[in-house]
Asker: 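This is the structure, below, for whatever I ask next.
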Number of protein chains: 2
Amino acid sequence: MTIATHDIRLASNADPASRTKRDAILDAAAAIFSQQGFAGASIDAIAVKAGVSRQTVYNQVGDKEKLFKAMVAELTQRSSAGFFRVLDTFPISPTNLQSELVDFACRLLRTYSCDPNSRWLIKLIENEASRYPELFEVWKEYGPGRKYPAIAARLAQLALAGLIELDDPILASRQFMALLTAEIRTDVLMGKQPSDAEIDRIATNAVTTFLKAFAARGHGAPGLG
Amino acid sequence: MTIATHDIRLASNADPASRTKRDAILDAAAAIFSQQGFAGASIDAIAVKAGVSRQTVYNQVGDKEKLFKAMVAELTQRSSAGFFRVLDTFPISPTNLQSELVDFACRLLRTYSCDPNSRWLIKLIENEASRYPELFEVWKEYGPGRKYPAIAARLAQLALAGLIELDDPILASRQFMALLTAEIRTDVLMGKQPSDAEIDRIATNAVTTFLKAFAARGHGAPGLG
DNA sequence: GACGAATTAGACAATATTGTCCAAAATTTT
DNA sequence: AAAATTTTGGACAATATTGTCTAATTCGTC
């Protein structure tokens with residue numbers, strides 16, 4: 001039942017007994033820190049949200065800085081795990097490229113933009129990166145440093161199969177993600193959750209444009225508008 | 001010398017005498033607030049950075065909340081003005097679409113991503129939007145609410161001239177901007193300023209993919225690839 | 001140079017937070 | 001049930017910040 005499929009050298013603890021309590025604290029910390037910022041988040045508020053006493057926070061995790069780092073490590077792990085779980089469903093040999101890629105994009109959008117872990121993580125990194133450069137480096141290694149190459153590899157397979165045409169898979173992967181997250185960025189910044197229909201529409205738009213740009217010109221791409 | 005070309009009903013003050021001092025305060029506030037967050041920014045730090053005494057901050061702008069709102073209003077105005085100044089250089093009737101659009105994209109990238117005003121504003125909105133929903137609404141009206149339609153109108157002109165092919169100009173404008181900001185988002189989050197060469201490369205990549213996706217299929221797009 | 005307005009440095013109370021300590025209570029283990 | 005460990009709630013000093021007040025100083029203007 002090890003969750004860490006792509007295991008990360010970040011969080012590593014024993015104590016299966018206090019796991020739940022520690023997790024509750026880290027969950028609460030993620031919510032409060034990402035909402036209030038590092039300075040604005042008070043240990044008291046986190047303790048209350050976690051349903052523990054303040055002293056327990058100090059016992060389990062340590063001071064504010066340790067708490068912050070432990071929480072970011074936890075979020076990084078969860079977010080990364082979720083991403084790669086979805087990536088495993090990439091349509092490598094699709095019968096209908098357009099529709100299967102749209103389905104994949106929907107799944108990605110759901111875990112990338114609707115999962116609180118990922119949203120919080122992004123916000124926290126954006127805000128406190130300058131305060132903790134080493135945290136930023138670790139995130140960059142496990143976030144963009146792995147996600148884009150992983151997508152690029154899948155796209156390269158499609159290109160090899162002659163389904164699309166690419167020069168630079170890494171660039172294509174970045175553009176794929178950019179198109180995908182283009183429309184929701186603004187809304188998702190607030191708590192707004194896009195509906196299923198909206199996610200579908202966004203994914204369709206992104207994939208359509210992506211396939212138009214990278215269509216295999218050799219044998220004429222099927223039904224693209 | 002009225003800067004407000006697309007004048008905004010936000011900041012409006014008289015006092016040309018204390019203008020410079022007030023501006024220094026708002027500048028400092030923008031830097032500190034965006035770096036430290038609302039809670040983490042201290043009035044003292046802002047006063048020091050502005051080169052004024054704390055009391056002057058209170059005299060000129062008011063308490064912390066008023067200072068924050070005034071600063072966001074100012075940034076919104078500056079950012080918007082800068083954007084529309086660049087937009088006026090959009091190549092509506094280009095002789096070489098690709099290269100002129102790349103040049104335009106470079107200019108946009110420079111003001112959109114390298115100008116501290118815009119960067120700070122985005123960060124502040126992202127962070128404190130939930131704290132000040134009314135501020136978020138105003139920004140949305142003057143930011144995305146005007147920028148995307150404005151770009152969409154230019155793209156529609158290109159489409160009308162038969163240079164590109166679009167169904168949904170608004171969607172295309174969002175995707176254009178998404179492709180443009182795809183590669184720098186991560187780096188720009190930190191203080192990192194992309195070099196001129198890098199900006200050029202990014203703009204070229206974005207425009208190339210955009211034109212591949214939206215090429216006029218009727219008379220074969222010129223030299224794309 | 002003199003006048004009025006703005007600015008400064010610092011004091012000040014009120015408030016909030018951090019991190020520690022401790023004894024009572026609850027929980028888990030033996 | 002007894003013992004060991006964890007958790008709790010509150011007290012506590014140390015520190016930082018906010019916003020106000022005041023007296024001295026500087027600045028712009030006549």
Side-chain angles (χ1 to χ4, degrees), chain A residues 11-72 74 124 127-128 130-132 135, chain B residues 11-72 74 124 127-128 130-132 135:
Chain A
S12 64
N13 347 71
D15 313 48
S18 50
R19 248 256 157 261
T20 62
K21 207 144 263 191
R22 194 190 148 97
D23 272 3
I25 292 170
L26 293 181
D27 280 345
I32 301 274
F33 270 126
S34 69
Q35 202 178 346
Q36 312 280 348
F38 182 84
S42 83
I43 306 279
D44 274 313
I46 292 170
V48 167
K49 189 168 186 93
V52 265
S53 75
R54 183 178 52 218
Q55 189 58 43
T56 301
V57 175
Y58 283 100
N59 288 345
Q60 290 282 347
V61 196
D63 64 15
K64 197 173 182 180
E65 193 166 315
K66 286 207 187 85
L67 173 57
F68 182 79
K69 288 181 179 174
M71 179 267 298
V72 169
E74 181 73 18
L124 288 165
N127 288 330
E128 321 291 353
S130 52
R131 200 186 312 277
Y132 300 107
L135 224 55
Chain B
S12 64
N13 349 70
D15 313 49
S18 51
R19 249 258 158 261
T20 61
K21 207 145 265 192
R22 194 190 147 96
D23 273 3
I25 293 170
L26 292 181
D27 280 344
I32 301 274
F33 270 126
S34 68
Q35 202 179 347
Q36 311 279 350
F38 182 84
S42 84
I43 306 279
D44 275 312
I46 292 170
V48 168
K49 187 164 188 99
V52 257
S53 75
R54 184 177 54 221
Q55 189 58 44
T56 300
V57 176
Y58 283 99
N59 288 344
Q60 290 280 349
V61 195
D63 63 14
K64 196 174 181 178
E65 194 167 315
K66 286 207 187 84
L67 173 57
F68 182 79
K69 287 180 179 174
M71 178 268 296
V72 170
E74 180 74 18
L124 288 165
N127 287 331
E128 321 291 353
S130 52
R131 201 186 313 275
Y132 300 107
L135 222 57

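Lettering of chains follows the sequences in order, A, B, ..., and the numbering in each one begins at 1.
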Asker: From C-beta outward on A/Asn59, which listed nucleotide comes closest to its side chain: C/dG19, D/dT7, C/dT7?
Answerer: D/dT7
Asker: Quickly work out the B/Lys64 NZ to C/dT15 P distance and round it to whole Å.
Answerer: 17 Å
Asker: Is any side-chain heavy atom of B/Tyr58 closer than 4.5 Å to a side-chain heavy atom of B/Ile43?
Answerer: yes
Asker: Contact between A/Glu65 and A/Phe68 at the side-chain level, heavy atoms closer than 4.5 Å - yes or no?
Answerer: no
Asker: Using a strict heavy-atom distance below 4.0 Å, which residues from residues 40-55 of chain A are in contact with DNA chain C?
Answerer: A/Ala41, A/Ser42, A/Ile43, A/Arg54, A/Gln55
Asker: For the helix from C/dG1-D/dC30 to C/dT30-D/dA1, what is the angle between the axes at its two ends, each from 5 pairs, rounded to 10°?
Answerer: 40°
Asker: Is any side-chain heavy atom of A/Lys66 less than 4.5 Å from a side-chain heavy atom of A/Asp63?
Answerer: yes
Asker: Let me check something: any side-chain donor-acceptor pairs from residues 45-57 of chain B under 3.5 Å, sequence neighbours excluded? List them with distances.
Answerer:
residue: B/Ser53; atom: OG; partner: B/Thr56; partner atom: N; Å: 3.4
residue: B/Ser53; atom: OG; partner: B/Thr56; partner atom: OG1; Å: 3.2
residue: B/Arg54; atom: NH1; partner: B/Asp44; partner atom: OD1; Å: 2.9
residue: B/Arg54; atom: NH1; partner: B/Asp44; partner atom: OD2; Å: 3.1
residue: B/Gln55; atom: NE2; partner: B/Asn59; partner atom: OD1; Å: 3.3

Asker: Please report the distance, rounded to the nearest Å, between CG in B/Asp63 and C1' in D/dG19.
Answerer: 8 Å
Asker: Who passes salt bridge (Lys or Arg N to Asp or Glu O under 4.0 Å) against A/Lys64, sequence neighbours left out?
Answerer: none
Asker: Which is it for B/Glu128 and B/Leu135 under the side chain to side chain contact (heavy atoms under 4.5 Å, CB included) test, yes or no, and what are the steps along the way?
Answerer: CA-CA 9 Å; B/Glu128 321 291 353; B/Leu135 222 57; over 6 Å; no
Asker: Measure from CG on B/Leu67 to P on D/dT17 and round the result to the nearest Å.
Answerer: 15 Å
Asker: Tell me every residue that passes side-chain hydrogen bond (donor to acceptor under 3.5 Å, both in side chains) with B/Gln36, counting only those two or more places apart in sequence or in another chain.
Answerer: none
Asker: If I take atom OH in residue A/Tyr58 and atom P in nucleotide D/dG9, what distance separates them, rounded to the nearest angstrom?
Answerer: 16 Å
Asker: Please list every donor-acceptor pair under 3.5 Å in which a side-chain atom of residues 27-34 of chain A meets a protein atom from a residue at least two apart or in another chain.
Answerer:
residue: A/Asp27; atom: OD1; partner: A/Arg78; partner atom: NH1; Å: 2.8
residue: A/Asp27; atom: OD1; partner: A/Arg78; partner atom: NH2; Å: 3.1
residue: A/Ser34; atom: OG; partner: A/Ala30; partner atom: O; Å: 2.9
residue: A/Ser34; atom: OG; partner: A/Ala31; partner atom: O; Å: 3.2
residue: A/Ser34; atom: OG; partner: A/Trp120; partner atom: NE1; Å: 3.4

Asker: Is the phosphate of D/dT6, meaning OP1 or OP2, less than 4.0 Å from a side-chain N or O of A/Thr56?
Answerer: no
